[in-house]
Amino acid sequence: MRKLILVAASIAALTFVGPASAQSPIVLKFSHVVASDTPKGKAADKFKELAEKYTNGKVKVEVYPNSTLYKDKEELEALQLGAVQMLAPSNSKFGPIGIKEFEVFDLPYILPDLKSLRKVTDGPLGAQLLKKLDAKGMTGLAYWDNGFKQMSANKKLVAPSDYKGLKFRIQSSKVLEAQFRALGSIPQVMAFSDVYQALQTGVVDGQENTWSNIYTQKMHEVQKYATVTNHGYIGYVVVVNKKFWDGLPGDVRDELSKAMKEATEFGNSQSAKENDDALAEIKKAGKTEIVTLTPEQDEAMRKAMLPVYKDVASRVGQPLIDEFLKETGRSPMN
Ligand code: LMR
């Protein structure tokens with residue numbers, strides 16, 4: 001069914017005839033997989049508000065949250081076909097379409113804080129990575145934050161040995177696969193929209209995600225424990241179909257760029273608070289025990305995951321990993 005919708009939508013996209021008259025605005029479909037009440041959801045809604053305001057109604061932005069249009073993998077296919085015009089997939093999701101470099105963001109403990117992240121995304125390395133999207137028929141417009149990932153399971157996760165033999169849902173990233181293998185777990189790639197049910201029915205034992213995603217997908221209702229690990233990062237690349245973008249009248253593209261810049265500033269200034277608020281709500285709900293690690297336990301987790309850097313060096317690129325670490329000025333061990 002989804003495939004059919006995709007084909008129909010792409011035929012419709014092919015009939016796009018460029019600049020629209022006042023009666024028929026240019027429609028920009030923005031599909032994403034998370035709830036509206038998340039860092040990405042709010043930034044997407046802000047973009048819609050500003051884009052429609054700045055273009056004076058010449059562009060109509062339709063935001064489709066919560067995988068209502070497409071699941072993870074289909075989203076990028078749909079964008080390349082022109083069935084949707086804009087997405088903000090996580091860095092982890094670009095590997096399957098052949099841009100493995102974005103998986104560098106998935107390396108465990110590669111980002112100590114959001115300040116270090118900005119050095120990468122706002123600097124030459126961030127721009128260089130966005131350029132790689134051109135060859136895939138898309139233009140990278142911005143980096144949006146979610147935040148740091150936490151581990152959850154029905155078993156208390158403290159030491160690396162606690163992860164042994166457990167099945168964890170992962171996004172489609174080879175780095176994340178290597179991360180869970182380093183812990184002796186069994187990683188399972190699964191679309192975001194399927195995670196709640198998989199946890200509920202025991203298809204997987206655990207997962208990793210940000211507090212805002214855990215809370216808005218109600219994962220905390222079906223996981224007995226969540227450990228504050230901050231071991232990885234989830235952020236997004238806002239991408240637009242290149243043909244659509246290049247075909248827009250220059251003034252419209254400028255107005256949309258302005259809207260994107262402001263929506264990015266808005267979203268990224270709030271993401272940390274949104275995750276803190278979600279954690280507070282999870283605690284309030286009282287269904288999940290929140291586990292915190294001592295500095296020694298944290299160090300043991302870092303040590304256990306360190307081999308991942310070697311495991312994925314040839315895939316992601318050692319020079320890229322080195323450059324990334326140089327930009328942040330930190331090591332995964334501190
Ligand atoms: C996930 O699949 O866990 C995340 O990428 C979802 C999202 O977009 O935050």
Side-chain angles (χ1 to χ4, degrees), residues 30-45 47 63-79 84 86-97 99 102-108 111 114 117 140 142-153 167-177 179-180 187-199 203-204 206-220 222-223 226 229-239 263-264 267-268 270-272 274-275 277-279:
F30 189 152
S31 165
H32 69 79
V33 299
V34 295
S36 298
D37 197 16
T38 56
K40 175 161 62 179
K42 287 187 178 173
D45 290 346
F47 171 71
V63 180
Y64 297 91
N66 249 328
S67 311
T68 39
L69 269 191
Y70 303 109
K71 290 189 181 191
D72 304 11
K73 202 171 148 267
E74 298 160 348
E75 245 191 8
L76 276 156
E77 286 169 16
L79 185 87
V84 285
M86 194 174 278
L87 309 171
S90 72
N91 292 302
S92 325
K93 291 180 183 163
F94 289 89
I97 63 155
I99 320 177
F102 282 101
E103 289 179 6
V104 70
F105 288 93
D106 290 334
L107 278 160
L111 286 164
L114 291 177
L117 167 79
Y143 288 99
W144 282 0
D145 279 347
N146 187 326
F148 292 95
K149 287 184 289 185
Q150 322 296 337
M151 297 284 197
S152 78
K167 275 194 207 143
F168 279 86
R169 177 266 171 173
I170 57 164
Q171 303 181 74
S172 55
S173 154
K174 296 286 178 204
V175 172
L176 299 179
E177 197 179 312
Q179 172 192 276
F180 279 105
Q188 204 158 314
V189 174
M190 191 180 288
F192 183 65
S193 56
D194 297 339
V195 181
Y196 174 86
Q197 206 184 0
L199 292 170
V203 168
V204 289
Q207 63 82 43
E208 54 165 13
N209 225 307
T210 60
W211 293 124
S212 58
N213 276 348
I214 292 171
Y215 179 64
T216 53
Q217 297 298 316
K218 300 187 175 23
M219 294 180 204
H220 63 293
V222 287
Q223 293 278 266
T229 48
N230 291 314
H231 64 282
Y233 169 75
I234 292 189
Y236 310 109
V237 188
V238 184
V239 284
T264 301
N268 289 355
Q270 304 215 349
S271 57
E274 274 157 35
N275 280 302
D277 290 351
L279 172 58

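Each residue takes its place number in the sequence, starting with 1. Atoms within each ligand, like the ligands themselves, are counted from 1 in listed order.
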*List for me each residue that meets ring pair (Phe, Tyr, Trp, His ring centres under 6.0 Å) alongside Tyr64, sequence neighbours excluded, and say none if there are none.*
none
*Among all residues two or more places apart in sequence or in another chain, which pass the ring pair (Phe, Tyr, Trp, His ring centres under 6.0 Å) test with Tyr215?*
His220
*Going by the angle between their ring planes, with limits at 30° and 60°, are Phe180 and Phe168 parallel, tilted or perpendicular?*
parallel
*Under 3.5 Å side-chain donor-acceptor pair for Ser212 and Asn146*: yes
*asked:* According to side chain to side chain contact (heavy atoms under 4.5 Å, CB included), who are the partners of Thr264, at least two apart in sequence or on a separate chain?
replied: Ala142, Trp144, Met260, Asn268
*At a heavy-atom distance under 4.0 Å, which protein residues reach ligand 1? Sort them by chain and number, would you?*
Val33, Val34, Lys40, Asp72, Ser90, Lys93, Arg169, Gln171, Phe192, Asn209, Asn213, Tyr236
*May I ask you to say whether Arg169 pairs ionically with Asp194, meaning some side-chain N is under 4.0 Å from a carboxylate O?*
no
